[in-house]
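A short worksheet on the structure shown next.
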There are 2 protein chains.
Amino acid sequence: MRGRDHPAGTLTATSNVTHAPRRPRRSALSVQRTTLADVAASAGVSVSTASLAFSGSGPIAEATRARVLQAAQELGYAGPNPLGRQLRRGRSGIVGVIMGDALRRAFRDPVAVQVLDGLTATLGPLGLGVLLIPGPDDASQPAVDPLLSSAAMDVAVQMWGGTSDDPVLEMLRRRGTPAVLVEGTPQPDVAAVGIDDHGGMAELARHVLDLGHTRIATVTLPFDRERAEGPADAGRLAQLSWEITRRRLSGLTDAGVSPTVVYETPASLVENGAAAGRALLSGPDRPTAVVCQSDLLASGVVLAARELGLRVPQDVSVAGFDGLDLPWLAPDVLTSVAQPLAEKGAAIGQAVEDLLAGRMPEPRVLPVQLRVGTTTGPVPPDA
Amino acid sequence: MRGRDHPAGTLTATSNVTHAPRRPRRSALSVQRTTLADVAASAGVSVSTASLAFSGSGPIAEATRARVLQAAQELGYAGPNPLGRQLRRGRSGIVGVIMGDALRRAFRDPVAVQVLDGLTATLGPLGLGVLLIPGPDDASQPAVDPLLSSAAMDVAVQMWGGTSDDPVLEMLRRRGTPAVLVEGTPQPDVAAVGIDDHGGMAELARHVLDLGHTRIATVTLPFDRERAEGPADAGRLAQLSWEITRRRLSGLTDAGVSPTVVYETPASLVENGAAAGRALLSGPDRPTAVVCQSDLLASGVVLAARELGLRVPQDVSVAGFDGLDLPWLAPDVLTSVAQPLAEKGAAIGQAVEDLLAGRMPEPRVLPVQLRVGTTTGPVPPDA
DNA sequence: ATGAAAGCGCTAACAG
DNA sequence: CTGTTAGCGCTTTCAT
């Protein structure tokens, strides 16, 4: 009883006798929208019955339903106002998807796009919609998008999520919004979907080692919100906070590769790979193999190699991660580790469904597969 | 005066004596969420004052606000529940964006992505979020996504929208949702943003004509939801219902080009362009120039030409539309008509803002610019 | 099968 | 500057 008791006599006094009858103020956009009450009145039934006619839940005589629908038709009523329904049900039907990056970059990454596609395909039939929430742009921007703190959403999905003290996760916890973390650090209160980054990268590493390479450089995904660019020294390596980057890197080193250079990029795009490629391949002591943490980065390195007149794989081997189809790299086919992107999206969708049903789903780790293309070959004899 | 609690004796007649006190049923997800009323009680102020403390609208003593915020902090209250706020305000803060295609395809189109990026950049500061709504996949699917009829949104944006009897627009009208139509047929009740397709394509046509070409084929965007593929005969041409396709086509013909073939594609993607290119360039009497309605289609044609051993532009000229940066086509640079993509997104955002303010914005037609690259050249002497 | 009542959580108009 | 009151539009018991 949150404070609204009145002494008996006061009721009339405090009641709205003194208030002039208020004109309901409406949006300028819509002239007095029709409500379910209007429809019910017009059909000569109660609001609750009219509600039944639309929701289909609960018993209602076919004739009555028809009458209600008829009345709705006549009044141009397009169905229950979602806002009222949402408040009543305590559900918005919205899944917030926090992209792993600023949208302009995120959408250029086929990995993000294909996962998002798989996700929407799963969510659509559930009647759930996707609200796009931009991820961290760079460290100069606020850490969490305002939408994250104010938008209505039943569940949030963080695409390649961050660390355990990630401000995004903090905010979601505060709001009590259940979350699915994709490619992040597992946490007890958050559902997790990921792939076997470590295993996949280790397999790729063994492939490259088997070819005889020893001077192997690696080009990585961003380390953190700083998004630095260039070779990472020990100090910088210690700061590596993005889990996906860390796991792929440790897959490589755990398989026995000691990279000559760990080259950090600010984003997983072709141009960043090209920049890395130019830096790595134009100096002295260039590596005979460059293992990249994404296909986009790898294709940039291939482009840079071509630019520098180096033959792939005769002069330098290049490998990526993700297993994208990159026809424009033709005639080359990238050696890569394929991850099941659509399945990943579907798995996220299932996790969302579970959370909505009040269940915490088991962490999912999807398998990956080494796919040898034409961009890796034996170490050059003169190297 | 609906159902508050009153001192036992007074209102017993009208009150719910017969009703057992109900346990409020909550989502299984959240254990009894804190509300503004709880915070207000804890801070010793009224709910409305507490509301003021959060919204910042209206006068409130600094000390009071601090006390409320403090109480919120202690109770772990993350701010007003958006559902309640939305119902009360009659606004959801959501802009539904109906993509021009199934998401998996839409996201592969840099045009859609860059416009979407420009749009979100404008909408973000306005506190508006983007709800993704898939567009029509093909004719076998339902014409409008269920989200369109049930999701809460204040405004809808239809990306390269359809015809005047478009089922999407019909639905939005029924719901009374204001809409922005991008690249569609102008309509009195809908805001319009587009580019000068006709003029741009005409300019491109003149460029090609000036180079001496006469056997000119054109590769077009989809005609309608059917998404047929192949040369369009007169009958098919009469069915052309997507405005953007029509305008770009008429820009070409109005400039004096009579295409040898009008080749319709099911989507604006590289592979569709490649398929068209193979079809157009491998037969006899092949055109000396192929003018495409998008850069993605054009780059597919270039790839097909290379595949067939044809030199671009010595053997065949290829032109596109959009002005995308396609580095992987290197060393070629596509001749194209550049459209201002980010500005387009921003213009859409402004239209949304206007509609929300109850104003119908003037139709916007953004300028385009011919950009001559390396893929168009003089007609081959032997042709 | 239908109706009455309650109330989801919030903001805004108004009075003081 | 603060509190009171009303009610956004709907769904859901519960009683009939």
Side-chain angles (χ1 to χ4, degrees), chain A residues 2-6 10-11 13-27 32-40 43-65 67-68 77 79-92 152, chain B residues 1-5 14-27 33-40 43-65 67-68 77 79-92 152:
Chain A
R2 324 200 191 99
R4 32 170 76 103
D5 301 48
H6 310 284
T10 37
L11 197 58
T14 62
S15 170
N16 58 350
V17 267
T18 51
H19 292 236
R22 307 239 185 88
R23 287 285 92 243
R25 16 76 300 156
R26 299 274 186 168
S27 145
Q32 180 72 12
R33 297 223 53 82
T34 320
T35 73
L36 190 56
D38 300 330
V39 174
V45 299
S46 72
V47 233
S48 44
T49 302
S51 175
L52 259 33
F54 285 100
S55 72
S57 66
I60 183 173
E62 194 44 58
T64 317
R65 149 185 269 121
R67 199 144 39 86
V68 173
Y77 180 75
N81 180 329
L83 261 27
R85 181 198 294 253
Q86 287 172 15
L87 175 58
R88 179 59 231 238
R89 296 214 178 138
R91 287 269 167 100
S92 63
Chain B
M1 194 95 298
R2 316 185 262 166
R4 301 284 151 72
D5 298 64
T14 61
S15 181
N16 56 351
V17 265
T18 49
H19 291 238
R22 308 238 185 88
R23 285 286 92 243
R25 14 75 304 152
R26 298 275 185 170
S27 146
R33 298 220 52 80
T34 320
T35 73
L36 190 56
D38 300 330
V39 175
V45 299
S46 72
V47 227
S48 47
T49 301
S51 176
L52 258 32
F54 285 99
S55 72
S57 65
I60 183 171
E62 195 43 58
T64 318
R65 146 186 271 121
R67 199 143 39 86
V68 173
Y77 181 75
N81 180 329
L83 263 27
R85 178 197 294 249
Q86 286 172 16
L87 176 59
R88 178 61 233 236
R89 296 230 247 237
R91 287 268 168 101
S92 62

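As a basis for the values below, the full set of heavy atoms in this structure was taken, side chains included, without hydrogen atoms, waters or symmetry mates. Since we're looking at a predicted model, the values are computed, not measured. Reminder, nothing fancy here: chain letters follow the sequence lines and each chain counts from 1.
For D/dT4, the OP1/OP2 oxygens have no side-chain nitrogen or oxygen of B/S48 closer than 4.0 Å. The phosphate of C/dT11 has OP1 or OP2 within less than 4.0 Å of a side-chain N or O from B/R85. Contact annotation: B/Y77 does not reach the phosphate of C/dG9 (side-chain N/O to OP1 or OP2, under 4.0 Å). The shortest distance between the side-chain N/O atoms of A/T64 and the OP1/OP2 oxygens of C/dT2 is below 4.0 Å.
Side-chain contact between B/V68 and B/V39 is present, with heavy atoms from C-beta onward closer than 4.5 Å.
The side chain of B/T49 lies closest to D/dG3, out of C/dA4, D/dT11, D/dG3. Checked against C/dT11, C/dA1, D/dG9, the side chain of B/S51 finds its nearest nucleotide in C/dT11.
Comparing B/V45 and A/S55 by the nucleotide of DNA chain D whose heavy atom lies nearest to each, the residue mapping closer to the 5' end is B/V45. Residue whose closest nucleotide on DNA chain C sits further toward the 5' end, between B/L52 and B/L83: B/L83. Comparing B/G84 and B/S46 by the nucleotide of DNA chain D that holds the closest heavy atom to each, the one mapping nearer the 5' end is B/S46.
Partners of B/A61 by side chain to side chain contact (heavy atoms under 4.5 Å, CB included), not counting sequence neighbours, listed by chain and number: B/T64. Residues satisfying the side chain to side chain donor-acceptor pair (under 3.5 Å) test with B/T49, not counting sequence neighbours, are B/S46. Residues passing the salt bridge (charged side-chain N to carboxylate O under 4.0 Å, His left out) test with B/R67: none are found, sequence neighbours excluded. Under the side chain to side chain donor-acceptor pair (under 3.5 Å) criterion, A/S55 pairs with A/S57, not counting sequence neighbours. By the side chain to side chain donor-acceptor pair (under 3.5 Å) test, B/S51 pairs with no residue at all, sequence neighbours left out.
The end-to-end axis angle of the helix from C/dA1-D/dT16 to C/dG16-D/dC1, rounded to 10 degrees and based on five pairs per end, is 30°.
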